[in-house]
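Residues take their numbers from the sequence shown, with the count starting at 1.
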Amino acid sequence: MFGLSSTEFIAESVQNKSGKNKGKRSLWFNGKRRNKQTGAVEEHCKDRYLKYVVENFGRLHEARQ
């Protein structure tokens, strides 16, 4: 689960330049990498987004106060 404020979302996201979602913002939290032992492709959370991983949304609630 990710806890991101709207300001953080805008700072981390990219704005789509073309296509049906032109002008909207996108953010990819995950990536894919090959497991060296099994050879299988596995999804993982990108390291730069680990600071947003939360168990609850208390961080956002505290920011509002």
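- Residues forming a side-chain hydrogen bond (donor to acceptor under 3.5 Å, both in side chains) with Glu12 (at least two apart in sequence, or on another chain): Tyr52.
- Residues passing the side chain to side chain contact (heavy atoms under 4.5 Å, CB included) test with Glu43, sequence neighbours excluded: Asn30, Lys32.
- Residues satisfying the side chain to side chain contact (heavy atoms under 4.5 Å, CB included) test with Ile10, not counting sequence neighbours, are Arg25.
- How far NZ of Lys22 is from NZ of Lys17: 9.5 Å, rounded to the nearest 0.5 Å.
- Among residues two or more places apart in sequence or in another chain, the side-chain hydrogen bond (donor to acceptor under 3.5 Å, both in side chains) test is passed with Asn16 by Ser26.
- Counted within 6.0 Å of NZ on Lys46, heavy atoms from surrounding residues, nucleotides or ligands total more than 12; the atom is thus considered enclosed.
- Applying the side-chain hydrogen bond (donor to acceptor under 3.5 Å, both in side chains) test to Asn35 and every residue at least two apart in sequence or in another chain returns Glu42.
- From Phe29, atom CZ reaches atom NE2 of His44 across 13.5 Å, with rounding to the nearest 0.5 Å.
- Leu50 and Cys45 get closest at one heavy-atom pair: CD2-SG, 3.6 Å.
- Listed by chain and number, the hydrophobic cluster partners of Val14 are Trp28, where partners are ILVMFWY side chains within reach of under 4.5 Å, directly or through others.
- Every residue two or more places apart in sequence or in another chain was checked for a side chain to side chain contact (heavy atoms under 4.5 Å, CB included) with Lys20, and none qualifies.
- Residues meeting the side-chain hydrogen bond (donor to acceptor under 3.5 Å, both in side chains) test with Ser18, sequence neighbours left out: none.
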